[in-house]
Amino acid sequence: MTQASAPSQALRINPVALRQKVTQQLDRHRNGDAYPVMVVRAEPAWPHDPAMLLPGGRPARVVPCVSPLAIWEHLAADRGDEVLVLLTDIPESSLGHGVRSRIFRQRVITVEPWDLVVDAFGAQLPDSALEREGWAGEALLDAMPPVGWPKLTTSVLTRDVALRHLAAVRLGLDRRGDSPDDLDVTTLLRWSAEPGAVEAFGLLREGERDGLAGWLIEQFGRPAKALFALIAAGHGADALPLGLVCDALWTTDSAEAVRAQGRIDQYFGNLNDDATVQGFAGAAVQVVSAMLTARDRETRLQGNAVLDRAEELLIQFNATLSAGHSPILRTGFTRRVTAAAQALRAALRDPADRMLDDAVDALAGHRLADVEATRLNRIRMGQRLVRWLGTEQEPPASVAHGVDQQIGQWGWVDVALNHVWAGDDANPELQTAFREIHDRAQQRRRDLDQAFAGRLAAWATAGPGNDGGLLTVENLLPRVIDPLVKADRPVLLVVLDGMSAAVAVQLADELSQHWVEYDPLAGAASGRRRGVVAALPTLTAVSRTSLFAGALRAGTQDHEKKLFADGRWGKGSRIFHKGPAKGGAGWAYAGELADEVAGTAPVVAVVINTVDESLTHGREGDEPGWQLDDVGFLRSLLDQARSSGRAVVITSDHGHVLERGGQHVKAADAASARHRTGPGPTAPGEVELTGPRVVADGKRIIALWDPMLRYRPSKAGYHGGASLAEVTIPLLAYLMPNATQPPAGWAPVESSRPDWWEASATAQVPAAPAAPAPAPRSRRKAPAVTGDALFDVPEVPSAPAAAPPAGDGDLVTSVLATELFEAQHGLTPRKVDRKKIEAALRALVDAKGVLPLAVLGQRAGELPGRVGGFVNTLQRIFNVDNYPVLSQIDEGRTVRLDIALLRTQFGLPGGGP
């Protein structure tokens, strides 16, 4: 066998490296021939474009030659003005003098990999560690990117730099927008899951494949060792799903798991190294967790495909029962959902059962909790309803008490009921739990509605002159809006037709990210969210007209427009209904509306019908929940009001009840889906309403108080009746966070969530052992229904200004008396009045450590525009050595005081260890 036919030992060379070598030779050895024939010793294979353009624009053509005869043919052939580059693996000694005399430099040009590689990196020499990697020179030459290797700022090309760049090319990091500096365990494991990635790695030459794997293992330890063991055994494409399975099976000692471990070990080529498998498994969990919550859809889909394959492997290894504790596998999530469902039912039967919070927390701790956020949220809603069912609920003692409770508690119940009603589509035990919770909570709500209907009937008869200060729809203008107009405070009034207390709960939560909610009727008391009583019947034509007229009456949009034109809302004020407010193509809302909001009109009123229309067209019949973006152009409108410095008041004309499998009651005299006008006696679920508050013929209607009944065909929801959800109108008032001077009588709203909504106020930030919980403050019970008490507005006591909560002694006085406080206070660049510090600290201690930022500022007597800087100063004082005694949560909207950590840092009894 001749040498020419022997297996090639020549280097494989790519176009970039060849161009670099040819250019280097032409520059160094000018022999007068601008277009020579150059023979380069390299693998005689060229799957690339034979035409090559050299620097300076000189053309070249590359031709592989497997024999001396092929070289002779190209030497003898006519050729144009181009450099001819012949690739051959024939030794120079096998070429005759005739051939050598006609080629560039009369010799075969050999390619020394390190020379080209070092030159490509802009260095002068490789370090000794890199040179010892005999496989690396050829690999770096073959893998050179089209733009060449990046130029270094050092003269020595080190092993780690060169191999990191090589690995980046071979692993295709650029396809994901990553650079060599991004190469880490996560990148490596993500690479293994890409289609065809492991197969492409297997096509590398054996020396490069083994060398690159060895370097990656050296860099990234056990996860890389396990990965390349899988690749060597032919299972590299299953690395990530197998890692998730290993995480479940290597953390339990069940007989099933041990048997499965033996089968899995064969996948690793009998690695028999538990520490390596566990390190690999932990890394896989982290990588897949990030994939599942990635921003780009493709990565999330890839993560879900990994989970699907992991479930297949569990079945293949007969190990499904042993994976129920997994923090990431779907099997583990399903098991936790079932446990939460069982805990919900147990707590429903026995309120003293304390397993529910643990079960829901365990579910929330699963890596799929973010992906399954809707499902988790519904379970949390069920958990909240169970807590509510475990509390004592007094029936409404008056209309005022009922409306106050609907805003402060029962509207939140309605939010949770809507989510629980939506149910679950997969877990039978959870479906059963949701049904039981819904039925229990719904029945309790019906009992409360029935009690409220009796109070409403008595109140309607008494008339509007005997409301005891209760806020009604017709006195909202004189009590809330007129004071703003008289104080030259421009206001945007948004009437969300049909908005219930439940819808307001959800919108207010989102609005709190950009606005501060105020109580416009607080006076000197603490702020709270208010409710307004609708006119009767609870229809738009009655209640909304009464709102704009400032008196009980029925009307239309034309009547409402006339009230503004007559100056009832201040000279120059404007009202916009659905048609005039809507913008054309490309505009969120009408330009005329935008001009008025940006202008000087005392009041700009906008009616948005999104909620009311949804009851007719089915919007609320599908997925529960209202966000700003669901409500027409409200977000854009509020943004403009913010930039224009307007106060914002958001309210409604009535609430609504939703269709939840209710009963159709036939009534020939039905005037709406929820009220009728005939003379007949009331039936179960109805209440007769008569008196001055009823805007109807004869001042009389019969209305449904039972939310499960209706007079007309099924729709998504209804109004016109006498339930709490229909009669109660939420009132939301907002100022910008940096508002320097609130209107007179306005006070920030304290946290509006009822106690049962969250397990504890500080559960989300467990920074230190909890201090003993303060005894709950006493609350005045609602007055008995006797005489004038029927119309009393229940008092909501403000927080005590000085007395510390029970169980804490005089904590605030003790803290302020310490030498540490004196030292910290003395170091602050801005000296804050000690009385303000004391007031802020007492307010936080009294509120169990959590207060909205605006409320804290009010309690401390700090101007709203300066409360942010005030809290920063407090943090300088109390966060000794940067421990988070005082922190801001909820994106800076809420201040949290860790009372146990405060005691510890200031050396007081009751602190942590």
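One-based numbering along the sequence shown.
Within 6.0 Å of CG in Asp566 there are more than 12 heavy atoms belonging to other residues, nucleotides or ligands. Residue-environment remark: NZ (Lys715) stays at or below the threshold of 12 foreign heavy atoms within 6.0 Å. In the displayed structure, Lys699 atom NZ is contacted under 6.0 Å by more than 12 heavy atoms of other residues, nucleotides or ligands.
Pro537 has its side chain within reach of Val542: a pair of non-hydrogen atoms, C-beta onward, lies under 4.5 Å apart. The shortest distance between side-chain heavy atoms of Leu470 and Trp459 falls below 4.5 Å. For the pair Trp412 and Gln406, the minimum side-chain heavy-atom distance is 4.5 Å or more. Using a 4.5 Å heavy-atom cutoff, the side chains of Leu874 and Val895 are not in contact. Leu638 has its side chain within reach of Leu492: a pair of non-hydrogen atoms, C-beta onward, lies under 4.5 Å apart. The shortest distance between side-chain heavy atoms of Arg528 and Arg530 falls below 4.5 Å. Side-chain contact between Val503 and Leu496 is absent, with no heavy-atom pair separated by less than 4.5 Å. Met499 places none of its side-chain heavy atoms less than 4.5 Å from the side chain of Trp626.
The pair Asp482-Lys486 does not meet the salt-bridge criterion, since no charged nitrogen lies less than 4.0 angstrom from a carboxylate oxygen. A salt bridge is defined here as a Lys NZ or Arg NE, NH1 or NH2 lying under 4.0 Å from an Asp or Glu carboxylate O, and Arg635 with Glu510 meets this definition. Between Asp509 and Arg753 there is a salt bridge, since at least one side-chain N of the basic residue sits less than 4.0 Å from a carboxylate O of the acidic one.
Of the possible donor and acceptor atoms, none in the side chain of Arg568 sits under 3.5 Å from a partner among the backbone N and O of Phe548. With hydrogens and angles disregarded, no donor-acceptor distance shorter than 3.5 Å links the side chain of His654 to the backbone of Ala534. For the pair Gln506 (side chain) and Ala502 (backbone), a donor-acceptor distance under 3.5 Å is present. Distance alone, capped at 3.5 Å, is enough to place a donor-acceptor pair between the Ser543 side chain and the Asp653 backbone. A donor-acceptor distance shorter than 3.5 angstrom exists from the side chain of Gln640 to the backbone of Ala594, with no hydrogens or angles considered. In this structure, Arg710 contributes its side chain and Arg712 its backbone to a donor-acceptor pair below 3.5 Å. Not a single donor-acceptor pair under 3.5 Å links the side chain of Ser573 to the backbone N or O of Val604. Judged by distance alone, with hydrogens and angles left aside, the side-chain atoms of Arg896 form no donor-acceptor pair with the main-chain N or O of Val850 at under 3.5 Å. In this structure, the side chain of Arg642 engages the main chain of His514 through a donor-acceptor pair within 3.5 Å. At least one donor-acceptor pair under 3.5 Å links the side chain of Ser652 to the backbone N or O of Gly498.
In this view, Gln409 and Trp388, Gln393, Gln405, Pro754, Trp756 satisfy the side-chain contact (heavy atoms from CB on, under 4.5 Å) rule, not counting sequence neighbours. Residues passing the side-chain contact (heavy atoms from CB on, under 4.5 Å) test with Thr690, sequence neighbours excluded: Thr461, Glu688, Arg700.
With rounding to the nearest 0.5 angstrom, the OG1 atom of Thr472 is 7.0 Å from the CG atom of Leu552. Going from atom CZ of Phe576 over to atom NZ of Lys561 covers 10.5 Å, rounded to the nearest 0.5 Å. We find the CH2-CG distance between Trp746 and Leu735 to be 5.0 Å, quoted to the nearest 0.5 Å. To the nearest 0.5 Å, the span separating OG on Ser526 from CD on Gln858 amounts to 6.5 Å. Atom CG of Leu851 and atom CD of Glu750 lie 6.0 Å apart (nearest 0.5 Å). Taken to the nearest 0.5 Å, the CG atom of Leu456 stands 13.0 Å off from the CH2 atom of Trp705.
Ala501 and Gly411 make their closest contact through CB-CA, 4.1 Å (heavy atoms, listed as atom of the first residue, atom of the second, distance). Between Ala525 and Ala747, the closest heavy-atom pair is O-CB, 4.0 Å. Nearest heavy atoms, Val532 versus Val403: N-CG1, 4.1 Å. Taking every heavy atom of both residues into account, Leu856 and Ala843 meet most closely at CD1-CB, 4.5 Å. Considering every non-hydrogen atom in both Ala601 and Glu596, the closest pair reads CB-OE1, 3.7 Å. In this structure, Trp757 and Arg384 approach most closely via the heavy-atom pair O-NE, 2.8 Å.
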Query raised in the report: Going through the checks in order, is the side chain to side chain contact (heavy atoms under 4.5 Å, CB included) test met by Val631 and Ile608?
Result: CA-CA 8 Å; Val631 189; Ile608 299 179; 4.1 Å; yes

Between Phe633 and Val606, is the side chain to side chain contact (heavy atoms under 4.5 Å, CB included) condition met? List the steps. CA-CA 11 Å; Phe633 48 83; Val606 182; 4.0 Å; yes

Could you walk me through whether His401 and Arg455 pass the side chain to side chain contact (heavy atoms under 4.5 Å, CB included) check?
CA-CA 10 Å; His401 179 235; Arg455 304 302 179 199; over 6 Å; no

Trp421 vs Leu658, test: side chain to side chain contact (heavy atoms under 4.5 Å, CB included). Steps then yes/no. CA-CA 11 Å; Trp421 169 267; Leu658 297 175; over 6 Å; no

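Remark: the Ser672 side chain and the His675 side chain contain an N/O donor-acceptor pair separated by less than 3.5 Å. Side-chain contact of His577 with Glu560: a donor-acceptor pair under 3.5 Å is present, judged by distance alone.
Just one residue in the list Thr538, Asp497, Asp612 forms a side chain to side chain donor-acceptor pair (under 3.5 Å) with His719, and that residue is Asp612.
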Run the side-chain donor-acceptor check on residues 724-732: report pairs under 3.5 Å with partners two or more places apart or on a different chain.
{"residue": "Glu726", "atom": "OE1", "partner": "Arg674", "partner atom": "NE", "Å": "3.3"}
{"residue": "Glu726", "atom": "OE1", "partner": "Arg674", "partner atom": "NH2", "Å": "2.7"}
{"residue": "Glu726", "atom": "OE1", "partner": "Ser723", "partner atom": "N", "Å": "3.3"}
{"residue": "Glu726", "atom": "OE1", "partner": "Ser723", "partner atom": "OG", "Å": "2.7"}
{"residue": "Glu726", "atom": "OE2", "partner": "Arg674", "partner atom": "NE", "Å": "3.0"}
{"residue": "Glu726", "atom": "OE2", "partner": "Gly720", "partner atom": "N", "Å": "3.3"}
{"residue": "Glu726", "atom": "OE2", "partner": "Gly721", "partner atom": "N", "Å": "2.7"}
{"residue": "Thr728", "atom": "OG1", "partner": "Leu724", "partner atom": "O", "Å": "2.9"}

